[in-house]
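Since the structure comes first, as structure tokens, the remarks are kept for the end.
Everything quoted here is computed from the prediction, not taken from an experiment.
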Amino acid sequence: MEEKQKFNEQNDKGDNKVPAFNLSYIFLALLAVMLINRYLFERGQLETIPYSAFLQRVEGGQVKEVTITNFKITGTFDDATKDRPQLFQTIPVNDPELVNKLKSKGVVFKGDIPNPLWESLFSWVFPLAIFYFVWMFLAKKVSQGTQGMLSMTKSKAKVYLEKDVKVKFDDVAGVDEAKEELKEIVNFLRDPKSYTRLGGHAPKGALLIGPPGTGKTLLARALAGESEVPFFSINGSEFVEMFVGLGAARVRDLFKDARKNAPCILFIDEIDALGKTRAGGFGSGSNDEKEQTLNQLLAEMDGFDTSKGVMILGATNRPEVLDPALLRAGRFDRQILVNNPDQHGRLQILRVHIKKIKIHTGLNLDRIASLTAGFSGADLANLVNEAALVATRRNADAVFEEDFTQAAERIVAGLEQKKKFMNPEEKRRIAFHEMGHATVALGLDSLDKVHKVSVIPRGIGALGYTLQRPTEDRYIIDMLELKKKVSVLLGGRASEEIFFDHVSTGASDDLVKATNITMAMVIQYGMSDKIGLASYERNQSPFLQNGINIRGPYSDQTALEVDLEVKRILDDCMLLAKKTLYENRSFVEKGVKQLLLEETLEEDMIKDLWEKDGHHVTIDSDVVILGRQKIDDLGSDTP
């Protein structure tokens with residue numbers, strides 16, 4: 001407790017070190033007092049006059065007495081008043097008659113030898129003192145600098161005192177399970193002794209894993225705020241430098257500071273930059289540096305005494321690359337998943353963020369939460385901010401649900417580009433393309449409902465878009481739904497083939513997405529009878545999805561079979577999309593006509609059109625099986 005109080009006193013001004021007492025401060029103060037006294041004395045009582053004026057005063061009988069030295073003549077006036085200084089000084093010249101003049105006027109005069117100590121003080125000691133203090137100032141700046149040679153081995157961790165951390169668990173929403181895991185750590189940090197009274201001990205460390213933007217760093221700060229202990233925060237990349245050994249030295253320094261200020265929380269963000277799996281064989285250069293730094297971290301975590309109240313937290317979105325030695329029991333004992341929030345969690349997060357903006361009283365947050373499936377906490381914070389900006393641009397008094405819808409579209413599809421000019425034929429083709437997506441989604445009764453269809457260009461390459469948002473959270477997708485997804489993606493291309501003589505480049509992004517889903521069905525999910533249950537996908541990060549399936553090692557024959565199976569599934573989905581469009585040709589044409597007039601069809605408008613002219617397509621059970629399927633009599637309805 002005494003160490004903690006001392007730590008707080010030392011950090012009242014944001015520094016964790018108390019300046020050492022130095023005698024040079026006393027010397028500087030005395031020297032300053034002497035200079036100030038001398039300056040004030042000379043300015044208030046001593047008058048400096050030319051030598052000619054001095055002779056005139058002597059001739060006029062105004063000088064009472066003088067003191068003559070080799071460097072100056074000082075004396076007093078005989079006619080001094082309150083408004084005039086009594087003392088004077090002048091610089092002597094070679095004047096042999098001076099003594100006779102002083103005698104003739106009755107001036108008392110005497111000689112004096114200057115004080116060598118005083119002169120030495122100002123001619124030698126004073127310049128040296130100035131040089132000394134300048135040197136000390138520069139040395140201190142270098143030692144405190146982040147790139148100084150004297151501080152290269154110092155830890156770069158930012159220290160937040162308990163009074164600096166204002167975040168509490170109430171400020172973190174949508175991650176209730178993670179908060180429950182951390183509450184036990186809070187109790188341990190508040191009272192370590194009572195927590196270990198039965199012989200047990202708290203975990204040495206906890207690793208927060210999850211996708212980017214889910215609130216891992218915010219949870220760590222909230223843990224510090226609830227525990228009311230100092231919070232050391234550092235990024236994993238700050239340990240690694242080009243010089244071998246610096247990373248290990250910084251790890252030692254960081255853990256040394258943490259021990260001094262226990263109980264405390266030591267948080268290492270993006271720990272995968274520091275704790276990647278060590279490669280086999282002989283490394284060199286930066287690899288050696290990273291391994292030395294990791295080895296030092298492992299050693300420090302092994303030597304930690306949990307009874308001291310030091311909790312190590314790590315955060316990463318790439319747990320698969322971490323070294324197994326870092327994840328074993330006794331180091332990071334607990335792995336806490338901080339995943340994207342479900343609908344209830346999104347609703348809680350929205351309630352936290354809308355406190356900062358003015359919303360309409362009739363705002364339906366449940367609907368907004370249902371339309372933002374897959375959004376992380378950071379995405380939802382950005383959504384609320386964008387919605388407020390949308391409402392501000394139209395000079396509204398509050399934020400409405402339409403503002404949130406526009407903000408979500410901007411985040412998902414990009415910014416509208418209404419000024420981009422397209423000729424009528426291109427616009428008509430884009431309308432058929434987008435209505436193709438919407439028609440297949442409605443005809444196959446996809447779980448992702450059609451929210452909006454537009455021919456207004458958005459983002460970088462989207463000349464139009466069909467916005468589909470799930471109305472509920474799903475954690476697994478069956479084979480039929482995957483087939484529907486691929487068919488919806490191919491619906492735009494199928495519509496162009498049906499209603500135009502030639503296809504265009506507009507379906508390039510759709511083809512990429514459809515191929516990725518189909519490839520995953522074959523090599524990852526085991527949904528192909530021909531390929532079997534073997535998984536040929538390499539290990540990827542479960543939290544960094546880039547939409548690209550990386551093939552694992554397999555034979556050329558298997559690769560050929562995989563390619564043929566992917567092509568077969570795509571062909572089947574294309575035939576299914578075309579069948580849906582043929583059976584709903586009237587709906588497509590009426591939708592295109594209205595879309596060209598309105599440029600955007602909202603969900604209610606699409607629903608009204610579908611109720612009048614739409615028809616659901618019945619998918620036979622044989623279509624679900626990923627074998628070669630034919631859609632009979634497809635050409636009989638061709639216009």
request  = Would you check if Thr372 and Asp379 make a side-chain contact, meaning some heavy-atom pair closer than 4.5 Å?
outcome  = no

inquiry  = Test side chain to side chain contact (heavy atoms under 4.5 Å, CB included) on Asn382 and Ile411; report intermediate values, then the result.
reply    = CA-CA 9 Å; Asn382 187 31; Ile411 294 174; 3.8 Å; yes

message = Whether the Thr558 and Ser555 side chains hold a donor-acceptor pair (N or O, under 3.5 Å, no angle test) is what I'd like checked.
response = yes

query = Do you know the tightest heavy-atom contact between Leu327 and Pro319?
reply = CD1-O, 4.4 Å

query = Does Gly236 offer a backbone N or O that forms a donor-acceptor pair with the side chain of Glu270 under 3.5 Å?
reply = no

query = Taking only residues two or more places apart in sequence, or in another chain, which ones meet Lys358 in a side-chain hydrogen bond (donor to acceptor under 3.5 Å, both in side chains)?
reply = none

task = Could you tell me whether a side-chain N or O of Ser227 sits under 3.5 Å from a main-chain N or O of Ala224, the two making a donor and an acceptor?
result = no

Asp171 side chain vs Lys168 backbone, donor-acceptor pair below 3.5 Å = yes

ask   = Distance only, no hydrogens: is a donor on one side chain within 3.5 Å (strictly under) of an acceptor on the other, for Glu565 and Ser528?
value = yes

key: Residue pair Arg410 / Glu386, side-chain heavy-atom distance below 4.5 Å   = yes

ask   = Does Thr392 have any side-chain contact (heavy atoms from CB on, under 4.5 Å) partners at least two apart in sequence or in another chain, and if so, which?
value = none

remark   = Sequence neighbours excluded, the answer for salt bridge (charged side-chain N to carboxylate O under 4.0 Å, His left out) partners of Arg334 is Glu181, Glu184

Side-chain polar contacts of residues 208-219 - donor-acceptor pairs under 3.5 angstrom, sequence neighbours left out - could you list them?
unit_1: Thr214; atom_1: OG1; unit_2: Pro211; atom_2: O; d: 2.9
unit_1: Thr214; atom_1: OG1; unit_2: Val338; atom_2: O; d: 3.1
unit_1: Lys216; atom_1: NZ; unit_2: Gly210; atom_2: O; d: 3.2
unit_1: Lys216; atom_1: NZ; unit_2: Pro211; atom_2: O; d: 2.9
unit_1: Thr217; atom_1: OG1; unit_2: Asp269; atom_2: OD2; d: 3.1

key: Gap between atom CG of Leu266 and atom CG of Leu254 - 0.5 Å precision   = 4.0 Å

Intermediate values then yes/no, side chain to side chain contact (heavy atoms under 4.5 Å, CB included), Met519 and Val562 = CA-CA 8 Å; Met519 183 70 71; Val562 167; 3.9 Å; yes

query = Heavy atoms, side chains only, cut-off 4.5 Å: are Val486 and Lys483 in contact?
reply = no

task = Measure from the side-chain N and O atoms of Arg331 to the backbone N and O of Met301, and report whether any donor-acceptor pair falls under 3.5 Å.
result = no

query = Between Gln292 and Gln296, does any side-chain donor sit less than 3.5 Å from a side-chain acceptor?
reply = no

key: Asp253 (side chain) donor-acceptor with Arg250 (main chain) under 3.5 angstrom   = no

Counterpart residues, side-chain hydrogen bond (donor to acceptor under 3.5 Å, both in side chains), relative to His451 (two or more places apart) = Glu603

query = Sub-3.5 Å donor-acceptor pair from the side chain of Glu481 to the main-chain atoms of Leu447, do we have one?
reply = yes

note = Looking only at heavy atoms, the pair that brings Thr293 and Ala248 closest together is OG1-N, 3.7 Å

request  = State plainly whether the residues Lys276 and Asp272 are in salt-bridge range, i.e. N to O under 4.0 Å.
outcome  = no

ask   = Excluding sequence neighbours, so at least two apart, what forms salt bridge (charged side-chain N to carboxylate O under 4.0 Å, His left out) with Asp323?
value = Arg278

By side-chain contact (heavy atoms from CB on, under 4.5 Å) - contacts of Ala408 (at least two apart) = Leu383

inquiry  = Could you check whether any side-chain heavy atom of His360 comes within less than 4.5 Å of a side-chain heavy atom of Val399, counting everything from C-beta outward?
reply    = no

Thr405: partners by side-chain hydrogen bond (donor to acceptor under 3.5 Å, both in side chains), with sequence neighbours left out = none

Those residues that, when tested against Phe169, pass ring pair (Phe, Tyr, Trp, His ring centres under 6.0 Å) (two or more places apart) = none

message = According to side-chain contact (heavy atoms from CB on, under 4.5 Å), who are the partners of Ala173, at least two apart in sequence or on a separate chain?
response = Gln348, Ile349, Val352

query = Side chains of Phe332 and Ile271: closer than 4.5 Å at any heavy-atom pair?
reply = yes

ask   = CG/Leu182 to CD1/Ile265 distance, rounded to the nearest 0.5 angstrom?
value = 9.0 Å

inquiry  = If I compare all heavy atoms of Ala398 with all of Phe400, which pair ends up nearest, and what's the gap?
reply    = O-CD1, 3.5 Å

ask   = Is there a donor-acceptor contact under 3.5 Å from the side chain of Lys485 to the main chain of Ile517?
value = no

message = Which residues pass the ring pair (Phe, Tyr, Trp, His ring centres under 6.0 Å) test with His344, not counting sequence neighbours?
response = none

task = Indicate the atoms forming the closest heavy-atom contact of Ala387 with Ala407, along with that distance.
result = N-CB, 3.5 Å

remark   = When every non-hydrogen atom of Leu294 is compared with those of Gly275, the smallest separation belongs to CD1-CA, 3.7 Å

query = Considering residues at least two apart in sequence or located in another chain, which fulfil the side-chain hydrogen bond (donor to acceptor under 3.5 Å, both in side chains) criterion with Asn235?
reply = Ser237

message = Rounded at 0.5 Å granularity, tell me how far OG1 in Thr518 sits from CG in Leu482.
response = 9.0 Å

key: Pairwise distance CZ(Arg346) to CG(Asp366) - rounded to 0.5 angstrom   = 11.0 Å

inquiry  = Any non-hydrogen side-chain atom of Glu300 less than 4.5 Å from a side-chain atom of Arg259?
reply    = yes

task = Before giving the answer on side chain to side chain contact (heavy atoms under 4.5 Å, CB included), spell out for Phe404 and Val384 the whole-Å C-alpha distance, their side-chain angles and the decisive distance to 0.1 Å.
result = CA-CA 7 Å; Phe404 281 93; Val384 173; 4.1 Å; yes

message = Please report the interatomic distance CZ(Phe232) to SG(Cys264), rounded to the nearest 0.5 Å.
response = 5.0 Å

task = Could you check if a side-chain atom of Leu363 sits within less than 4.5 angstrom of a side-chain atom of Ile368, using non-hydrogen atoms only?
result = yes

request  = Kindly indicate, with the supporting measurements, whether the criterion side chain to side chain contact (heavy atoms under 4.5 Å, CB included) is fulfilled by Gln468 and Val488.
outcome  = CA-CA 10 Å; Gln468 290 182 263; Val488 172; 3.3 Å; yes

inquiry  = Name the residue from Leu207, Leu274, Thr277 that meets the side-chain contact (heavy atoms from CB on, under 4.5 Å) definition with Leu322.
reply    = Leu207

ask   = Are any of the side-chain heavy atoms of Leu489 and Asp509 separated by less than 4.5 Å?
value = no

query = Any donor-acceptor pair under 3.5 Å linking the side chain of Asp333 with the backbone of Ala329?
reply = no

key: Lys452 and Glu409 ion-paired at < 4.0 Å   = yes

query = Which pair of non-hydrogen atoms, one from Asp403 and one from Ala391, has the smallest distance, and what is that distance?
reply = OD2-CB, 3.4 Å

message = Could you measure the distance from the CG atom of Asn340 to the CZ atom of Phe375? Nearest 0.5 Å is fine.
response = 10.5 Å

